[in-house]
Amino acid sequence: MVDIFGRNVNIIELFDYHSKKTNYRSRHFLIHDNILMISSSGILTPDDIIEANSQLMRILAEQDLSGLALIWDIRKLNYPGVKIRKTLLDINVELSKYVKKAYLILPRRYRLLVQVFNLFIRTPAIPNEVCEDVNDALKKIISPSDKKNKDKSKSNHLTLRRDELLSKSKEELVSIIENIEKKQKENVHKVVEAIGRLSAGDEFKKIDIEIDENDPNYELLNAFILMQQDMEEMIRDYKNLNKNLELKVAERIVDLIDKEANLRAILDNSDRVTWLMNTRLELIDFNIAFTNEIQRKYKKSPRIHQNVLDLIDNTRERELWKSRFEPTLKGKPCIYLDQEFYKGEERVFEIKTFPIKKSNKIKGVSVFIEDITELKKSQIKLIEKNRDLEKLNRELDSFVYRVSHDLRAPLTSILGLINLMKLEKDRDKLQEYITLQEKSITKLDQFIRDIINLSRNSRFGVTVSKIDFGKLVNDIFEDQIYAPFAKKVKPILEIEEGLSFYSDKQRLNVILSNLISNSFKYANPYRDDPYVKVKIRTEGGEGIIEVSDNGIGISDLHIPKIFGMFFRATHKLSGTGLGLYIVKETVEKLEGTVSVKSEKQEGSTFTVTIPNMKERYEQAPRS
Ligand code: ADP
């Protein structure tokens, strides 16, 4: 219980707030259950005011207090700068839930400023005596009076105490008053001059003014001093902000330069001719490949902002490019192909155009040109390879089938004969079985030899050497003694004089053996003069080998098929059906061709044309 205005009043201290950063302290009291008294001192910061206020709100809510009258004594507060006043405006809204009237006890020097800023408390006109009474009453419980401060305010050199005045002479008093007036005029002059400078747009410069409480312009001058403090505070903030902004801008610029450099490197390191242009087809950017291409084609150096069509001299070409850009300028990405004779061959270029969009509006076109000749070539190669593989696969299928069949057939017959022989006692019969077995084994051997030849042909490279056709053909003729009518058939060999021919000896042997043995095998035994003729000549650097006979011939129906794998036109005589297939494959390996002309009962002529590999032989490195 404390005595205020002659009444006993109940006062409770709600809480005492101390700043962690400054000397700010505020004590909060509840007087008579409906007056909230706050007494603050020291340097206030926005953080402190927010923190102290949130504590106060919590307590007011907890105690279910409302409709309070607030008295806030801020006479011992350091000047509350512009930031504090802004924070107070926000807090005002929260406080209005609990406080219906607010009174501020503030020093005279803040009063004008508080009014100018229309701040927080709008009723500062509490009669001074009331303030004094309230404070006197609270003095005992609130912080004791600051004696030093009081002394300091009294020591103002413009203030004259009553006893001092009485001791002065008249002249002295006049001089003192004149002095005071002069000082007051000087102050007003300083302020007016400073405001004039500011309004003329000069940089803000703080001016020092000493004022006396008795100066008639006290409040105005004081407000000016406080405004100077505000300006200083704001300029400091602004400078800090500017510094931060400058730093951020600098960082961003470095970042952008880095990104730009990276993009440039990507563009310039690409072989693709690349350029970007606006909707008027003026160049925005392009890479080194583009510059090189323009120089090669049009002998010009492209420049940024230049219209791309101006680089092209040929009217038709210009129209072509214009028509290519049109759909992309309407938003459609396109692909075109160009063919051009360049670097000694027909080359293929792929042109891609893309619209450049910004917030859904078309801003231009980007173009990329790529030389896809190699790609196309490898695509074609791939298709060919695939076709070859498919063929090989088909052949392999039938090959496996035929091989298993043709290998098993003679083996089965041999096994059958062996079983018969086990039971047979008759020597003549046994001899007959052995001959039959020999036939089966020869067939098997021929078959295996054919397969080995085929496999060799596909696996090994071509070995070139000089060919002695005389020896080669005669050796083959000699091997034909086992052919059914060998003795009856006349072998004939005609070789061009002075022939100098180079090829793969092994492969020629395979080709000739097959053709010659066929001619012997398919000779017509009913003729009086069956023959097999081998004729070798050259024509335009190529060797032409003809193997002809007057044998049984081949029907027109069979001719297209005889070079196929396992094809046989007759089953009267034994054979594997691989001979002519091997001939065709081997001739192809020697980069040549084989053809046939035949007439039933008249005879056949097989013509093999192969290149003379003399040059290749001479250029090949020898060990
Ligand atoms: P094969 O002789 O083992 O049956 P080839 O592939 O060598 O197999 O010959 C295929 C077919 O072509 C033979 O079955 C035969 O009917 C026919 N042929 C090949 N050469 C001659 C030829 N000189 N005269 C008549 N027919 C031939």
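In each ligand, atom 1 is the first atom listed, and ligand 1 is the first ligand listed.
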Review point. Going by distance alone, is a donor N or O of one side chain under 3.5 Å from an acceptor N or O of the other, for Y298 and E317?
Key: yes

Exercise for review: Answer with yes or no whether the side chains of R507 and N457 bring together a donor and an acceptor at under 3.5 Å.
Suggested key: yes

**Study point:** F460: ring-ring contact (aromatic ring centres under 6.0 Å, His included) partners, not counting sequence neighbours
**Key:** none

Point to revise | Ring centres under 6.0 angstrom apart (F563, Y581) | key: no

Point to revise | By salt bridge (Lys or Arg N to Asp or Glu O under 4.0 Å) - contacts of E615 (at least two apart) | key: none

Review point. Residues two or more places apart in sequence or in another chain: which of them pass side-chain contact (heavy atoms from CB on, under 4.5 Å) with D255?
Key: R252, K259

Is there any protein N/O under 3.5 Å from an N/O of ligand 1, and what does the full list of such pairs look like?
| from | atom 1 | to | atom 2 | distance (Å) |
| --- | --- | --- | --- | --- |
| ligand 1 | 2 (O) | N518 | OD1 | 3.3 |
| ligand 1 | 2 (O) | K521 | NZ | 3.1 |
| ligand 1 | 2 (O) | Y522 | OH | 2.8 |
| ligand 1 | 3 (O) | T576 | N | 2.8 |
| ligand 1 | 3 (O) | G577 | N | 2.9 |
| ligand 1 | 4 (O) | Y522 | OH | 3.2 |
| ligand 1 | 4 (O) | R568 | NE | 2.5 |
| ligand 1 | 4 (O) | R568 | NH2 | 3.2 |
| ligand 1 | 6 (O) | G579 | N | 3.3 |
| ligand 1 | 6 (O) | L580 | N | 2.8 |
| ligand 1 | 7 (O) | N518 | OD1 | 3.4 |
| ligand 1 | 7 (O) | N518 | ND2 | 2.8 |
| ligand 1 | 7 (O) | L580 | N | 3.4 |
| ligand 1 | 8 (O) | G577 | N | 3.4 |
| ligand 1 | 14 (O) | Y522 | OH | 3.3 |
| ligand 1 | 14 (O) | A569 | N | 3.1 |
| ligand 1 | 16 (O) | A569 | N | 3.2 |
| ligand 1 | 16 (O) | T570 | N | 3.4 |
| ligand 1 | 20 (N) | N518 | ND2 | 3.4 |
| ligand 1 | 23 (N) | D549 | OD2 | 3.0 |
| ligand 1 | 24 (N) | S604 | OG | 3.4 |

